[in-house]
Structures are given as structure tokens and as C-alpha cells.
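Have a look at the structure below before the remarks.
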Amino acid sequence: MSAQDPQIIYDFKSIEEKWQNSWLSNATYKISPDSDKEKYYVLEMFPYPSGRIHMGHVRNYSIGDVVARYKRFRGFNVLHPMGWDSFGLPAENAAIKNDTHPARWTYDNIDYMRNQLRKLGLSYDWDREIATCNPKYYKWEQQIFLEMYEKDLVYQKTTTVNWCETCHTVLANEQVIEGTCWRCDELVEARKMNGWFFKITEYAEELLTDLDKLSGWPEKVVTMQRNWIGKSTGLQCDFEVVGLDEKLSIFTTRPDTIFGVTFMSIAPEHPLLESLLENNPQELKIRDFITKIITEKQQQSNQDVVEKEGIATGCFCINPYNGDEIPIYVANFVLMGYGTGAVMAVPAHDQRDFEFARKYNLSIKPVVIPEDTPLNGKTMVEASTAPGVLADSGDFTGIDSKSAKQAIIDFAKSNNFGDSHITYRLRDWGISRQRYWGAPIPMVQCEKCGVQAVPVDQLPVTLPEDRGSQQNDCAPLHQRTSFIETSCPKCGGKARRETDTMDTFVESSWYFARYTSPRFTEAPLNKKEASHWLPVDQYIGGVEHAILHLLYSRFFTKVLRDLGYLDIDEPFTNLLTQGMVIKDGSKMSKSKGNVVDPSDLIGEYGADTTRLFSLFAAPPEKDLEWNPKGVEGCHRFLNRIFRFVQTHLNTISGDHEEFPATLNPSERELHRKTHQTIKRVTGNIEHNFHFNTAISAVMELFNTLSGLTGGKKKDEIAAPFLSEAVDAILILLCPMVPHFCSELWTTVYGETKSIETIPWPTWDEEAAKEDELTIVIQVRGKVRSRLQVPADIDDATIETLALKDENALKFIGDAAIKKVIVVKKKLVNIVI
RNA sequence: GCCCGAAUGGCGGAACUGGUAGACGCAAGGGACUUAAAAUCCCUCGGCCUCUGGCUGUGCGAGUUCGAUUCUCGCUUCGGGCACCA
């Protein structure tokens with residue numbers, strides 16, 4: 001029979017409402033600017049205001065809120081802001097569907113979702129809230145754009161871009177996921193279009209080398225970024241074209257194989273083709289072929305591996321190393337966007353070239369011979385990519401392939417036909433989007449003066465507020481004459497505004513910096529505030545942004561630094577990528593019908609239970625399997641604590657006598673467990689945010705507490721020990737279930753003493769120490785017995801005791817003891 | 001194809017730096033209370049066996065070690081990223 005009264009009800013609804021109102025009206029989490037406490041900036045990736053929050057948000061923001069609240073307990077001045085990534089296509093689609101305006105839809109959603117977040121009890125400084133679709137925000141983005149333009153970090157070009165027909169807009173390379181659109185999964189097609197680009201490649205090397213500074217990031221994310229940037233070093237050199245005053249430039253990472261070149265492959269879009277086709281008897285045939293493969297490329301998504309195909313141009317070029325005349329082919333697998341768009345083909349040592357050579361009967365000439373493996377071009381079945389010794393390579397014959405690379409590059413350099421070269425896979429970031437609901441690009445096209453920047457004092461260039469001429473759509477800017485028609489800032493003549501809007505990833509690339517001075521009216525950032533708060537100490541969000549958003553934010557940080565706004569190189573010191581929320585084996589989604597609505601859950605169990613379960617069910621970086629029964633378990637746990645405190649209120653809240661000098665066994669056990677728990681929870685949070693084990697530890701403490709005070713209790717426990725344990729439980733859980741702990745704290749100590757002003761508890765190593773240890777006795781590595789011994793026992797005594805142990809002796813039998821291994825305070829292994 | 005990561009009871013997950021595998025929670029079974037149910041509380045809970053004891057067990061197969069969930073090598077499966085990158 002329990003000492004607790006099951007009739008006591010934990011009324012989470014009124015408790016949560018009470019505390020949320022109190023936090024709101026007292027502005028509890030507003031930053032005090034002149035604090036002399038050390039700063040801590042914790043940030044969760046801000047949401048797109050899609051309409052309602054989902055479980056992924058709950059998890060993300062619960063994790064962030066625990067960090068924020070924990071750091072406040074530890075005495076930091078914590079910046080913990082929230083805002084809205086509020087430009088984007090869904091707003092336009094919804095506006096069409098619901099016959100409203102994207103702005104209306106977006107702001108309504110923001111109001112709704114803000115309210116939902118408040119019901120979770122998240123400790124944000126709401127005074128810093130920003131919405132990126134607000135002209136007060138994108139004005140500064142336009143200014144940054146112009147300053148980048150000044151610095152030659154923005155340019156316009158016509159190129160083949162990724163086009164998503166469903167979204168009716170261009171996508172950046174990073175937004176193409178396995179050949180499909182990141183947002184709608186539509187297959188992406190290739191299109192030639194004019195657009196604006198950010199020169200992210202200018203920062204490729206720094207983005208790569210600074211990855212080494214990100215020791216607080218998951219290794220996985222760093223690797224993904226490294227691969228995405230894709231640095232290759234090698235040789236760039238020129239092959240003269242026979243009969244033409246032209247050179248064909250190639251890039252290779254295998255200069256050691258250059259004597260094995262037997263043909264040349266160039267991309268169908270290669271600019272040299274025009275001269276090659278002039279007076280070419282095969283011109284029509286070749287043009288047909290080129291058209292064919294270019295259309296094929298457009299139709300196929302770029303993930304399909306297509307059979308290698310090519311056509312001879314009938315033209316030749318000269319290998320500068322040995323004077324060989326080699327045929328030039330147009331090949332479908334050569335990319336214009338990488339290297340120089342021309343590849344020296346070495347079929348003996350490159351699998352693609354090998355397949356191509358076999359198909360078109362071109363010669364295969366091995367020049368790098370691996371140890372003990374002679375190669376024969378006629379009989380090889382695949383390319384050999386192993387290192388080896390150079391053969392058939394002029395003066396370089398006999399050199400090992402590794403040192404030959406440099407020697408061959410040096411030769412090109414000294415003979416002025418080539419040099420070492422670095423190529424990146426990273427492409428410039430195309431930011432033009434053919435959509436209405438985005439930040440306008442602040443440029444105009446003057447009939448006389450050409451492209452002109454909008455002067456900074458004319459910013460912001462705002463979106464027209466009406467929905468345009470179209471009946472059922474939100475017309476893109478190019479259909480709105482009132483927006484387009486303007487005057488040239490230089491000559492005052494007729495000019496047209498740029499009608500593309502910026503990629504919404506531009507907004508999210510610097511919002512974390514704007515939070516440091518969200519209402520600043522003189523510049524994008526207040527340098528003083530930015531340098532005080534940045535970098536973000538802890539950033540938390542989904543791993544799906546490992547490349548996209550995180551790479552762009554790193555790029556923007558470096559740009560803003562070079563524009564003089566920031567004095568940091570990297571925006572996020574520590575990154576936590578949380579796993580997905582899964583139900584019935586797959587990600588929650590409307591189409592699968594396995595969505596759990598957080599609001600329903602909060603209504604049924606309360607915000608604290610919802611938060612507690614999302615933290616308890618898995619460590620943050622792992623996927624979280626949603627289990628409704630598990631939620632009930634967490635709710636039960638809170639209920640038990642609630643009832644315990646109410647039942648023992650008189651003892652706990654009374655005026656405490658001092659801790660007695662001698663402790664009875666129960667007091668000792670509880671006191672010890674309390675200090676052990678403080679130590680464990682603090683360690684779990686500090687070390688890797690493993691809240692799941694932190695919560696288990698508190699559960700253990702509570703189990704001990706209720707066991708020692710329940711029906712079978714042995715000793716009376718003095719009030720100070722009960723009080724110490726309850727205090728610890730409440731403070732340790734407070735970052736996770738803040739309403740609950742705040743309420744019980746005032747129940748015990750009265751309304752005047754807020755739990756948030758209490759320092760995080762410390763543990764006493766002495767108190768946490770066990771009096772007795774269990775020593776495991778193994779015979780030949782197998783556990784045979786256990787000994788209870790006093791904690792201060794020495795190794796020799798343990799050994800003696802172990803060798804006398806009855807169970808152990810049974811297994812030793814007559815055998816001779818070869819060795820006895822004693823592990824301090826843990827185990828004895830008797831080897832026979 | 002290449003590069004990462006993971007694999008532990010019926011389930012989610014614990015286990016510090018090589019030292020008691022399965023903490024904590026869920027589910028399940030049994031019991032107490034109740035006229036009954038819910039709630040609450042107590043007990044059992046990896047598998048197998050000849051069951052106060054023993055054998056076995058952390059995806060599979062080897063290895064290192066007195067001792068391996070943990071380290072090494074080779075596989076299998078699942079997840080993620082990149083994908084004709086010259």
C-alpha cells in the first residue's frame with residue numbers, strides 16, 4: 001500500500017496556463033542587455049510557417065529549450081530567439097487554393113504557430129522575433145546583395161540551370177536531391193536561362209579548410225560538406241588542334257597517365273566545337289548527334305547512368321608530351337560544368353574511357369604498370385587504376401606513378417603549356433527564382449545604361465501588395481507592369497526592374513546574425529551586438545540541412561565578415577543534428593497517415609509530458625520512434641512525483657533542522673543516490689545532451705526515494721534528506737518540464753522564490769561514494785561469484801578474498817592458478 | 001560504383017577509457033486493493049536445460065587479450081550522402 005494518495009490530481013492544464021502567462025507577462029526570458037554574465041547563444045533552425053507545428057518541431061525546440069534553460073541555471077546570459085523563414089512557394093500555392101494573398105496566409109500561420117509554440121512553454125525572447133518576408137528584414141538582405149555586387153561577388157550569366165516544372169522555378173545545385181526537386185520531388189530538367197549568381201566558389205578553399213575548425217560538428221556533416229565542395233588537384237594543360245590556331249585545354253588528376261592518351265572527349269556544349277565544325281564534311285551528322293544527346297540530357301534526370309555514346313569529329317589534336325596525333329570525340333558523359341569540358345582519354349587507366357574505347361574500337365595503351373602485373377591493351381577487361389611504374393612514357397619511363405605526377409606537371413610548366421591546377425565540384429549559387437513570394441532582387445535594366453543597381457537609399461524594393469492581374473494565381477513579378485516599370489538610377493530614363501526574386505535560402509543564411517540586433521535600423525547588423533553574441537554556441541536542427549542551409553550560412557558568414565559586419569569565420573561553434581520523428585517505421589507524413597498532432601497531445605497530456613517523452617525516447621541525434629504508450633509512461637512518472645510532493649508536503653516544506661551527524665542506512669542511501677544523480681544528469685547534459693539517460697537517472701532517484709518512504713520502509717528519513725532529494729529532482733528536471741517543476745517548487749517554497757533563480761545543484765563526491773562495492777570474481781574470464789566488500793578495500797585483500805571464495809574454488813578445482821588479475825574496485829579474474 | 005554511419009530482449013534504448021550485458025521506460029504475465037472497472041501499488045520478465053544450479057547470448061565469421069557490445073580484419077543487412085567530377 002502506498003503512502004501516496006492516488007486522489008491527488010496533477011492538473012497540467014491549469015499549471016501550464018498559469019506559468020505560460022507568468023513568463024509572458026513578466027517577460028521572464030527577455031535578455032538583459034547589460035548583464036555581466038557570460039553569453040551563450042543557443043539557436044534552433046527556424047520554421048517555415050506552413051500552418052501547424054509538427055512533431056519534428058516539438059523535438060527540435062524541446063531540445064533547444066533544455067539547452068537554453070540549463071545554461072541559464074548555470075549562470076549564462078542566454079540568447080534564445082525564434083522567428084519565421086516566411087518566404088517560399090507553399091504560401092503561393094495555398095494563396096491560390098484558398099483565394100487569399102500569400103502574405104495573409106503567411107502571417108495567419110505565424111500567429112497560429114506562435115501560439116502553438118507558446119503552449120509548449122519554450123523560453124524564447126519573443127521581443128527578437130523576426131519574419132523574413134517582412135520588408136524590414138529583406139531590406140537588409142537587399143543591401144547585403146548590393147554590397148556583394150560592389151565587391152564582385154554577385155554576377156549574372158546565362159547557363160544551363162536546374163528547372164522544376166512543378167514549382168515553376170530554377171533550383172540551385174544543392175537543391176537538387178538525387179535528380180529531383182528538394183521541395184516537391186519532381187524530376188529536374190536542364191534549361192538554359194539567365195540568372196543571378198553568388199560567387200560561393202570564391203570561398204571554396206576557405207569553406208573547405210575551415211571545416212577543420214568545426215570540431216563541434218558531427219563528423220558526418222563535415223564529411224558531406226567536404227565531398228560537396230569536392231576539391232581535386234591535378235594538371236591543366238593545352239593540346240594544340242591540328243590545322244587550327246586553337247588549343248584544347250584539359251584538366252586531369254592523373255597526369256602520370258598522360259602518355260596513355262589515345263583520344264580526346266569533349267562535352268557536347270564545348271565552345272571549340274563551332275570551329276571544329278567549320279568546313280567539316282561530317283558537320284550535319286555531328287550536329288544531329290549533339291542535338292540528340294543534349295535533348296536526352298534534358299529529358300533524363302541527371303542521376304540516370306546512360307550508356308556511353310560519342311561521335312568522332314574527324315579533327316585531331318596533339319599530345320604535347322609525345323607529339324601523338326589523337327582523334328577528338330564528342331561524348332555524352334563529358335560535363336561542360338566541370339574542369340574544362342574536355343577530357344584526355346586514357347582507356348587503360350580510366351573505366352569510362354575504357355568502355356568508350358572498346359565500343360568505338362579505339363586503342364588502349366597501358367602506361368602505369370602495377371607491381372607484378374603486366375598489362376595488355378588488347379586483352380584487358382577493365383581499366384587499371386592502381387599505382388605502379390611508368391612504361392612507354394618517354395623520359396618519364398621507369399618513374400613510379402606517384403612521383404611522376406609532379407614531374408609531369410613541372411615539365412608542362414617549364415615548357416609553357418600547362419600547370420598544376422585545382423578544381424572544385426562546388427558551383428556558384430544560382431539565386432534567381434521565378435516566383436512572386438520572395439525578396440526582390442534590387443537591380444534594374446536601363447535601355448541606355450544596361451544593368452544598374454538600385455541605390456541603397458531606395459531600399460527596400462518591396463513586393464507589390466496586390467495579387468497581380470491573374471484571376472486565380474499570384475502573378476509572378478514579370479507579369480506586373482506597375483512593378484516592372486521604373487526609372488534608371490543613373491540616367492533617369494526608362495528602365496525595367498529585375499523580376500526574379502531571391503532563393504529563400506538567402507534569408508536563412510544570415511538570420512542568426514540578425515537576431516543579435518533584430519530591430520537595428522541603420523544597417524543589416526549592429527556590429528557591437530553581433531560581435532558580442534556570435535558565433536552561435538549551439539545550433540540545433542535536422543540533418544537534412546547538412547549541405548544546403550549550413551553551407552550557405554557558412555558562406556554568408558565569411559562574406560559578412562569581408563563586408564565588415566562580422567569578426568568571425570564560422571557561424572556555428574557546435575552543431576547538433578537531431579534525428580527524424582518516426583511512426584510505424586516511417587517518417588510522419590500526411591500521405592502516410594501516421595501524423596501525430598502535437599496540439600492534440602498537449603491537450604491530452606500537457607506540454608511537459610510531450611516534451612519529456614520527446615527527450616526520453618531516444619538520444620537527440622537518433623531517429624525517435626513515436627510510441628503513444630511511452631507518452632503515457634512519461635505522464636505517469638510526472639504524476640507520481642506530483643503525488644509524492646503533495647503527500648509529503650508538510651515534511652518537505654517545513655523548517656528544516658540541520659543534516660544529522662549520523663545517518664541511518666536509508667538516509668545514507670537516499671543522500672548518496674541524490675548526489676550520484678546530480679553528477680550523472682549534469683554529466684549527461686554537459687557531455688553530449690543525452691537527455692534520455694539524464695531522465696532515466698532522475699527516474700532512478702525517484703524510485704529510490706519512493707521505495708525508501710513507501711510501504712516497506714525500514715527507517716524514518718529525516719526531512720533534510722527528503723527535501724534534498726526532492727529539490728534535486730525538481731531542478732534537474734526543470735529544463736525539460738519547466739511548468740511542472742516551477743509549480744511544485746512554489747508549492748513547496750511559496751510564490752516568492754522562483755525555481756529559475758536557484759543555482760544548478762552541485763554534488764559532493766564524498767556523499768556520492770558507495771560504502772560497499774560488488775567485486776566480480778571470474779574464473780577464466782567467466783563470472784562465478786560476487787563479493788560485497790567495503791569501498792576502501794585494497795587490491796591485495798580483494799585477491800585473498802577471491803582465492804578463498806567458495807564458488808570460485810568450485811570452478812578452480814585442482815587446476816593450477818596461472819595468473820590472478822585484479823581490476824581496482826571492480827573485478828578479479830583467476831586464470832587457470 | 002564510391003564515401004560515411006548503424007546493427008544489443010517482444011519494443012524504445014543503457015553500459016565511463018577493454019572489466020558484472022540488458023539501467024530507465026514501454027509491452028506482457030502474475031498478485032494486492034475494489035461489488036466491478038479504471039487508477040494505484042507489489043512481484044516476474046533474453047534464450048535453453050536435468051532450474052537453490054548450469055549452459056548460452058550484443059548481425060555473421062575469424063583474430064588480438066586473462067577478459068571484447070567496446071579494438072583489428074573479412075562478410076551480411078539496413079540507413080544516409082555523392083554519383084559519368086576526368
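Letters A, B, ... mirror the listed sequences (proteins, then strands); counts begin at 1.
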Study note, to complete from the structure: Side-chain atoms of Ile821(A) come closest, of C24(B), G19(B), A86(B), to G19(B)

**Study point:** Any Asn807(A) side-chain nitrogen or oxygen under 4.0 Å from OP1 or OP2 of G53(B)
**Key:** no

Check your understanding: Closest to the Val831(A) side chain: C66(B), A14(B), C4(B)?
Key -> C66(B)

Review point. Just how far, in rounded Å, is C1' of A21(B) from CG of Leu827(A)?
Key: 14 Å

Exercise for review: Between C49(B) and G59(B), how far apart are the C1' atoms? Round to whole Å, please.
Suggested key: 26 Å

Review point. Which nucleotide sits closest to the side chain of Val776(A): A14(B), C24(B), U20(B)?
Key: U20(B)

Review point. Please give, in whole Å, the distance from C3(B) P to Glu219(A) CD?
Key: 16 Å

Exercise for review: Answer with base, sugar-phosphate or nothing: what part of the nucleic acid does Phe637(A) contact at a heavy-atom distance below 4.0 Å?
Suggested key: nothing

Revision key, fill the gap. Separation of A86(B) atom C1' from Phe263(A) atom CZ, nearest Å, is 11 Å

Practice item. Could you please name the partner base of G59(B), counting Watson-Crick and G-U wobble pairs only when both distances are under 3.5 Å? Key: C75(B)

Exercise for review: Side chain of Thr252(A) only, please: which of C55(B), A86(B), G19(B) is the nearest?
Suggested key: A86(B)

Point to revise | Rounded distance in Å between the C1' positions of U44(B) and U35(B) | key: 29 Å

**Study point:** Spacing of Leu733(A) atom CG and Phe702(A) atom CZ [to the nearest 0.5 Å]
**Key:** 10.5 Å

Check your understanding: OP1 or OP2 of C85(B) sitting under 4.0 Å from any side-chain N/O of Arg352(A)?
Key -> yes

Check your understanding: Using 30° and 60° as the class limits, which term best fits the ring planes of Tyr10(A) and Phe642(A): parallel, tilted or perpendicular?
Key -> tilted

Review point. Can you find a side chain N or O atom of Arg636(A) that sits less than 4.0 Å from OP1 or OP2 on C26(B)?
Key: yes

Point to revise | Closest to the Pro619(A) side chain, choosing from C84(B), A14(B), C24(B) | key: A14(B)

**Study point:** Residue-phosphate contact under 4.0 Å: Asn692(A) side-chain N/O, C24(B) OP1/OP2
**Key:** no

Check your understanding: Would you say C41(B) has OP1 or OP2 under 4.0 Å from some side-chain N or O of Arg640(A)?
Key -> yes

Exercise for review: Kindly compute the distance separating CD (Gln676(A)) from CD (Glu669(A)), expressed to the nearest 0.5 Å.
Suggested key: 9.5 Å

Check your understanding: OP1 or OP2 of A86(B) less than 4.0 angstrom from a side-chain nitrogen or oxygen of Ser232(A), does that happen here?
Key -> yes

Practice item. Consider the side chain of Arg425(A), meaning its heavy atoms from C-beta on, and name the nucleotide among A83(B), G19(B), G12(B) that approaches it most closely. Key: A83(B)

Review point. Within the structure shown, what part of the strands sits under 4.0 Å from Gln778(A) by heavy-atom distance: base, sugar-phosphate, or nothing?
Key: base

Point to revise | Pair listing, side-chain hydrogen bond (donor to acceptor under 3.5 Å, both in side chains) test, anchored in residues 775-787 of chain A, at least two apart | key: Ser785(A)-Asp805(A)

Check your understanding: Looking only at atom P, what distance separates G61(B) and C51(B), rounded to whole Å?
Key -> 30 Å

Exercise for review: Report the nucleotide, chosen from A83(B), C84(B), G13(B), that has the shortest atom-to-atom distance to any side-chain atom of Phe333(A).
Suggested key: C84(B)

Review point. Under the side chain to side chain donor-acceptor pair (under 3.5 Å) criterion, do Arg554(A) and Gln225(A) qualify, and how do the steps go?
Key: CA-CA 11 Å; Arg554(A) 295 182 60 224; Gln225(A) 293 218 353; 2.8 Å; yes

Check your understanding: What is the distance, rounded to the nearest whole Å, between atom NZ of Lys220(A) and atom C1' of G79(B)?
Key -> 8 Å

**Study point:** Distance, P atom - from A21(B) to U58(B), rounded to whole angstrom
**Key:** 12 Å

Check your understanding: According to the Watson-Crick and G-U wobble definitions, with both distances under 3.5 Å, which nucleotide is paired to U34(B)?
Key -> none

Revision key, fill the gap. Re U69(B): Watson-Crick or G-U wobble partner, both distances kept under 3.5 Å, found to be none

Review point. NA contact type, Val543(A), heavy-atom cut-off 4.0 Å: base, sugar-phosphate, or nothing?
Key: nothing

Study note, to complete from the structure: Looking only at C84(B), A21(B), C55(B), the nucleotide nearest the Phe811(A) side chain is C55(B)

Point to revise | Sugar-phosphate, base or nothing in reach of Asn627(A), heavy atoms under 4.0 Å | key: sugar-phosphate

Point to revise | Rounded distance in Å between the P positions of A23(B) and G13(B) | key: 15 Å

Exercise for review: Please evaluate the base of C66(B) for a donor-acceptor partner in the side chain of Lys818(A) within a cut-off of under 3.5 Å?
Suggested key: no

Practice item. Ignoring backbone atoms, test whether Lys819(A) places a side-chain nitrogen or oxygen under 4.0 Å from the OP1 or OP2 oxygen of C66(B). Key: yes

Exercise for review: Go ahead and name the base partner of A21(B); Watson-Crick or wobble counts if both distances stay under 3.5 Å, otherwise write none.
Suggested key: none

**Study point:** Main-chain N/O of Leu272(A) paired with His270(A) side-chain donor or acceptor, under 3.5 Å
**Key:** yes

Check your understanding: Considering every strand shown, what is the Watson-Crick or G-U wobble mate of C82(B) when both distances are under 3.5 Å?
Key -> G1(B)

Check your understanding: Reckon Gly230(A) touches a base, only the sugar-phosphate, or nothing at all at heavy-atom distances under 4.0 Å?
Key -> nothing

Study note, to complete from the structure: Of C24(B), C3(B), U20(B), the nucleotide closest to the side chain of Asn227(A) is C3(B)

Point to revise | Sole candidate of Asn173(A), Thr201(A), Thr159(A) that passes side-chain hydrogen bond (donor to acceptor under 3.5 Å, both in side chains) when paired with Asp428(A) | key: Thr201(A)

Revision key, fill the gap. Of G19(B), U56(B), A14(B), the nucleotide closest to the side chain of Lys782(A) is U56(B)

Revision key, fill the gap. Numerically ordered, the residues 335-346 of chain A set in heavy-atom contact under 4.0 Å with RNA chain B is Leu335(A), Tyr338(A), Val343(A)

Exercise for review: Just name whichever nucleotide pairs with G9(B), Watson-Crick or G-U, keeping both distances under 3.5 Å, else none.
Suggested key: none

Review point. Ring centroid separation for Phe505(A) and Trp182(A), is it under 6.0 angstrom?
Key: yes

Review point. What is the nucleic acid contact for Asp353(A), judged by heavy atoms within less than 4.0 Å: base, sugar-phosphate only, or nothing?
Key: nothing

Exercise for review: Can you tell me, in whole Å, how much space there is between the C1' of C11(B) and that of C45(B)?
Suggested key: 14 Å

Review point. Once you round it to whole Å, what is the distance between P of G81(B) and CZ of Arg226(A)?
Key: 19 Å

Revision key, fill the gap. d(Ile798(A) CD1, Lys824(A) NZ) to nearest 0.5 Å is 7.5 Å

Check your understanding: Would Phe356(A) and Tyr329(A) count as a close aromatic pair, with their ring centres under 6.0 Å?
Key -> yes

Exercise for review: Could you give the distance separating G10(B) and G22(B) at their C1' atoms, to the nearest angstrom?
Suggested key: 14 Å

Review point. Just checking Lys826(A): base, sugar-phosphate only, or nothing, at a heavy-atom cut-off of under 4.0 Å?
Key: base

Practice item. Take atom P in U70(B) and the same atom in A15(B), then report the distance between them in whole Å. Key: 15 Å

Check your understanding: Relative to the ring of His549(A), is the ring of His545(A) parallel (under 30°), tilted (30 to 60°) or perpendicular (over 60°)?
Key -> perpendicular

Review point. If you look at every strand shown and take non-hydrogen atoms under 4.0 Å, does Arg784(A) touch a base, only sugar-phosphate, or nothing?
Key: sugar-phosphate

Review point. Between Lys308(A) and Phe333(A), is NZ or CZ placed under 6.0 angstrom from the six-membered ring centre and within 45° of the ring axis?
Key: yes

Practice item. For Val823(A), answer base if it contacts any base atom (sugar-phosphate contacts may also be present), sugar-phosphate if it contacts only those atoms, and nothing otherwise; contact means non-hydrogen atoms under 4.0 Å. Key: base

